[in-house]
Amino acid sequence: MDYLEQLNEPQREAVENVNGPCMIIAGAGSGKTRVLTYRIAHLMNAHNVDPFNILALTFTNKAAGEMRHRIESVVGSDAKNLWMGTFHSVFARILRAEAGRLGFPSNFTIYDTDDSKSLLKNIIKELNLDDQIYKPNMVLSRISMAKNKLVSWHEYTTNPIYRAADEESNRPEIGRIYKAYVERCFKASAMDFDDLLFNTNVLFRNFPDVLNKYQHRFHYVMVDEFQDTNLSQYLITRKLSAVRENICVVGDDAQSIYAFRGADIQNILNFEKDYPSLKVIKLEQNYRSTQVIVEAANSVIDKNRAQLKKNVWTANETGELVQLIKANSDGEEGKLVATHIFEEKMNRQYHNSDFAVLYRTNSQSRSIEEALRRMNIKYKIIGGLSFYQRKEIKDILSYLRFAINERDEQAFRRIINLPKRGIGDSTVDKIMVAAAQLGFPFWEIAKGMQNYIPGRAVHAVAEFVTMIEGFKLTVQSKDAYEAASHIASRSGILKELYEDKTIEGLNRYENVQELLNAIKEFVDNTENEDKSLGAFLQEVALLTSVDEDKDNDPDKVTLMTIHMAKGLEFKAVFVVGMEEDLFPSQMMISSRSDLEEERRLFYVAITRAEKKLFLSYATSRYRFGKLKSCDPSRFLEEINPGYIKVDRKLSNQENRFSATEKDFRSNLVSGMAPPPKTSTPINGYVHKPEADFQPSDTSNLQVGMKVEHPKFGFGMVIKMDLDGANRKASVNFENFGEKTLLLSFAKIKIHSS
DNA sequence: GACTCCGATCTTTTT
DNA sequence: GATCGGAGTC
């Protein structure tokens with residue numbers, strides 16, 4: 001068991017203590033993933049546990065995949081048989097197998113948030129309620145909260161506490177909407193995200209034999225990111241592990257940032273009460289960050305009351321102070337961030353991929369993007385509007401969904417008149433009303449249109465019905481890829497997009513092609529046993545935006561919300577928008593109690609950094625399309641002043657780099673070739689059109705240069721590839737175009753890959 | 001039923 | 001600054 005040698009004492013204990021309830025409190029950067037990985041490997045290796053009997057629940061599919069991969073490298077291909085995945089994907093799988101018990105077909109659809117919202121919108125309209133008072137978003141979050149606490153619509157409507165709360169906020173009908181929503185989902189053979197957990201609880205509660213089966217299957221249960229589980233998830237894991245009580249949860253209360261969707265920090269705080277024989281192991285040594293960063297983070301989180309006692313420390317170097325950046329506007333903030341990235345790249349020989357820019361809200365990404373684009377620094381955005389949320393993708397997916405589940409109301413509404421075939425809203429309404437009155441599924445009404453609703457839409461609907469019935473046969477007889485491409489072209493969607501020659505239209509067409517490629521990949525992937533369209537749709541429905549990251553150019557700066565950054569680490573991190581009302585967010589300030597969660601969010605952001613942390617704020621910012629002045633965030637004052645330094649150097653324009661040739665040479669990596677002639681004119685103009693430089697394949701060096709662009713300002717990296725034998729240089733200008741450049745600084749580094 | 005224009009609303013985070 | 005829905009027109 002040589003892997004045990006690589007662990008410190010508490011880590012080793014966490015790996016070896018496999019029997020009985022166990023809670024691992026893992027501070028930021030304390031090697032949590034490593035411990036989980038080795039623990040599972042250890043179960044298989046040292047205790048001969050069949051991987052089929054191990055259940056490991058993670059937060060994202062990506063985390064599950066990575067862990068499986070790492071376990072595989074220790075124990076081999078056996079790792080494939082582990083039950084590992086997100087709560088939603090694992091229990092969706094179990095629900096499909098047991099769907100009949102709950103009266104659902106096994107091909108039930110999974111509604112995403114958009115589907116849920118538009119269904120709610122329909123219901124609110126049908127109940128003649130004011131959609132200004134009953135906003136779908138708000139109603140959905142109310143229902144979601146209830147489901148996450150395992151409160152059924154029935155309990156919701158009878159419980160006086162919920163009644164009173166709803167009446168107080170002048171929304172007494174939420175219970176009624178909840179009821180209608182559940183009924184409509186059931187009729188549509190659909191479950192939303194919360195239902196996957198709620199219904200698993202119902203399944204285990206109402207069918208002891210089913211529960212028994214899974215209790216005996218999973219001898220060992222592990223939960224990652226335990227601090228972010230809600231009651232519904234917690235009860236599932238408790239029930240599943242009730243027979244053997246080999247339950248191990250890993251988490252950090254200081255990093256609980258999902259209370260808004262029902263995560264309950266009490267789960268972690270109360271775990272000890274639920275399991276009196278609980279073994280608690282604390283991992284407190286941080287291996288990720290410098291002392292300054294660890295201490296700064298501690299000084300912030302200390303302000304929270306609700307937390308478990310622990311002492312996160314590090315043996316790493318002291319490191320540099322946290323750097324505060326003040327900007328006059330969001331635009332300048334972006335510029336300063338880009339400039340600092342540029343400087344750090346040169347001074348420390350970092351790659352783009354060593355940087356992350358973290359923000360509170362997705363909308364903040366724009367000004368950062370603009371600045372990075374200007375300086376030709378490559379970046380990628382994680383999260384935001386995901387590929388699978390795009391209109392054209394959802395359109396195609398709706399066709400596929402409907403071919404599999406003819407009761408899927410939301411899919412039906414989406415595709416019935418797309419492309420336009422003369423079936424408008426009023427026809428759809430008539431179909432739905434007839435279906436409700438006669439008690440038939442709406443698809444039956446559509447199929448017998450001339451009998452139920454004679455009129456001018458009959459012909460168009462009949463054609464649609466024939467087409468869909470054809471698709472259903474296709475889905476049964478072909479694999480996912482063949483079926484999807486058939487449906488994409490026969491439905492007329494592909495054609496319509498193809499004929500749209502605008503840039504957006506072209507883009508959409510390409511996106512659909514990309515979707516088809518993804519389905520092809522899914523079918524060709526030998527690890528997927530089930531290659532049906534249904535299996536693909538299930539996977540896609542439960543994909544998270546972190547999972548979608550399959551960028552093939554790995555050297556990019558990462559931009560994302562702090563929420564998405566959980567579990568990740570970067571050499572240098574920028575937390576931008578440190579302004580009151582933005583971070584902490586206005587909404588949290590008004591509801592006082594959750595300021596602690598905002599602080600934990602800040603803690604998560606800080607602890608992503610390994611070497612260097614930047615915090616930036618702007619004194620004015622565009623919000624709601626209007627320029628507003630902003631105050632620095634209260635969080636900035638919560639960092640112990642000993643760990644922070646204020647940077648003014650770069651906020652005034654005249655303070656630009658200038659370097660002498662000596663500086664230039666002293667930055668050479670020892671033993672490497674001297675810089676070639678073409679790059680020596682420091683502070684001089686280089687008049688070379690792009691065409692004069694050819695990227696070289698034989699390179700082993702890369703030169704980062706600070707350059708000035710007459711129009712776009714200064715600060716841009718140019719890669720210079722050196723041919724070692726001839727000492728000739730060729731420069732790749734990276735989309736710079738034919739422009740005159742001022743070289744003011746350069747530094748050579750080894751290009752390791 | 002399809003199209004166009006205008007105003008309201010949104011942004012806190014996501015499985 | 002973008003998107004969505006409603007009103008009005010063809």
Side-chain angles (χ1 to χ4, degrees), chain A residues 57-64 85-92 110-114 116-118 121 125 131-132 135-138 140-141 144 147-148 191-198 225 228-230 232-233 256-263 330 358-367 382-386 388-389 391 416-429 455-457 460 540-548 560-566 577 581-591 594-595 597-598 600-602 604-605 621-627:
Chain A
L57 298 164
T58 59
F59 201 69
T60 62
N61 297 303
K62 194 181 173 194
T86 62
F87 273 93
H88 291 84
S89 65
V90 168
F91 295 113
I110 298 172
Y111 272 180
D112 69 11
T113 312
D114 286 342
S116 301
K117 263 190 254 174
S118 73
K121 213 176 284 175
K125 204 170 160 189
D131 63 358
Q132 287 306 303
K135 291 179 185 165
N137 254 330
M138 183 264 153
L140 183 60
S141 75
S144 176
K147 282 183 184 167
N148 288 332
M191 297 192 197
D192 66 18
F193 290 134
D194 302 316
D195 287 335
L196 295 175
L197 306 172
F198 185 92
E225 307 283 9
D228 288 323
T229 54
N230 57 39
S232 180
Q233 292 167 317
S256 163
I257 54 174
Y258 283 95
F260 70 91
R261 68 168 196 226
D330 46 350
L358 308 181
Y359 34 78
R360 182 68 236 275
T361 69
N362 276 308
S363 59
Q364 285 167 259
S365 70
R366 188 186 305 170
S367 56
I382 304 212
L385 186 63
S386 93
Y388 289 99
Q389 284 175 301
K391 182 186 175 300
I416 176 113
N417 200 27
L418 196 132
K420 301 258 181 297
R421 47 175 76 88
I423 309 173
D425 289 345
S426 64
T427 304
V428 175
D429 286 347
R456 67 169 161 163
V540 163
L542 297 175
L543 223 50
T544 66
S545 24
V546 184
D547 301 328
E548 283 176 39
M560 62 188 149
T561 62
I562 301 168
H563 283 89
M564 304 295 294
K566 197 173 59 166
D581 289 4
L582 186 58
F583 189 29
S585 123
Q586 167 72 61
M587 284 174 149
M588 287 307 186
I589 296 170
S590 42
S591 69
D594 280 331
L595 199 61
E597 172 148 320
E598 292 286 292
R600 289 194 292 270
L601 200 52
F602 188 37
V604 169
R621 175 181 300 274
Y622 277 97
R623 293 235 269 164
F624 297 103
K626 288 213 166 90
L627 190 64

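Please read these numbers as outputs of a predicted model, since none were measured by experiment. Residue numbering restarts at 1 for every chain, and letters A, B, ... go by the order of the sequence lines.
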Looking at [N], I'd like to know if its phosphate oxygens (OP1 or OP2) sit under 4.0 Å from a side-chain N or O belonging to [X].
X: A/Asn137; N: B/dT11; result: yes
X: A/Gln132; N: B/dT9; result: yes
X: A/Thr60; N: B/dT15; result: no
X: A/Thr113; N: B/dT14; result: no
X: A/Asn230; N: B/dT15; result: no
X: A/Thr561; N: B/dT14; result: yes

Any base atoms under 4.0 Å from [X], or only sugar-phosphate, or nothing? Heavy atoms, all strands.
X: A/Phe87; value: nothing
X: A/Ser363; value: base
X: A/Ser426; value: sugar-phosphate
X: A/Lys135; value: sugar-phosphate
X: A/Asp112; value: nothing

Is there a donor-acceptor pair under 3.5 Å between the side chain of [X] and the backbone N or O of [Y]?
X: A/Asp192; Y: A/Tyr111; value: no
X: A/Arg600; Y: A/Ser256; value: yes
X: A/Ser141; Y: A/Met138; value: yes

Tell me: [atom1] of [X] to [atom2] of [N], nearest whole Å?
X: A/Met564; N: B/dT13; atom1: CE; atom2: P; result: 11 Å
X: A/Asn417; N: B/dG1; atom1: CG; atom2: C1'; result: 8 Å
X: A/Ile382; N: B/dT15; atom1: CD1; atom2: P; result: 12 Å
X: A/Phe193; N: B/dT14; atom1: CZ; atom2: P; result: 13 Å
X: A/Phe59; N: B/dT14; atom1: CZ; atom2: C1'; result: 7 Å
X: A/Gln389; N: B/dT13; atom1: CD; atom2: C1'; result: 14 Å
X: A/Asp194; N: B/dT14; atom1: CG; atom2: C1'; result: 11 Å
X: A/Asp429; N: B/dG1; atom1: CG; atom2: C1'; result: 13 Å

- [ ] Establish whether the base of B/dT13 is bridged to the side chain of A/Arg261 by a donor-acceptor pair shorter than 3.5 Å.
- [x]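 No, the side chain and the base share no sub-3.5 Å donor-acceptor pair.
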TODO: Give a yes or no on whether a salt bridge exists between A/Arg623 and A/Asp581, defined as a side-chain N under 4.0 angstrom from a carboxylate O.
DONE: no
Each nucleotide N or O in nucleotides 2-10 of chain C that has a protein N or O under 3.5 Å away: list the pair and distance.
unit_1	atom_1	unit_2	atom_2	d
C/dG5	OP1	A/Lys121	NZ	2.8

- [ ] Might you point out which heavy atoms bring A/Ser232 and A/Leu197 nearest each other, and give the distance in Å?
- [x] OG-CB, 3.3 Å
Task: Shortest non-hydrogen contact from A/Leu543 toward A/Asn61 - done: CA-ND2, 3.9 Å
- [ ] Could you please name the option among B/dG1, B/dT15, B/dC3 that lies closest to any side-chain atom of A/Lys420?
- [x]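 Closest of the options to the side chain of A/Lys420: B/dC3.
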- [ ] Under the side chain to side chain contact (heavy atoms under 4.5 Å, CB included) rule, what do A/Asp228 and A/Lys566 come out as? Steps first, then yes or no, please.
- [x] CA-CA 11 Å; A/Asp228 288 323; A/Lys566 197 173 59 166; 2.2 Å; yes
- [ ] Using the P atoms only, state how far B/dT13 lies from C/dC4, rounded to an integer number of Å.
- [x] 16 Å
- [ ] Please say which of A/Glu598, A/Arg360, A/Glu597 ends up in a side-chain contact (heavy atoms from CB on, under 4.5 Å) with A/Pro584.
- [x] A/Glu598
TODO: May I ask whether A/Phe260 stacks on the base of B/dT13, given the cut-offs of 5.5 Å between ring centres and 30° between planes?
DONE: yes
Open item on the list: Parallel, tilted or perpendicular: which one describes the rings of A/His563 and A/Tyr258, with boundaries at 30° and 60°?
Closed with: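 If you compare the ring of A/His563 with that of A/Tyr258, the planes turn out perpendicular.
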Task: Residue met sooner reading DNA chain B from 5', once A/Leu601 and A/Thr427 are mapped to nucleotides - done: A/Thr427
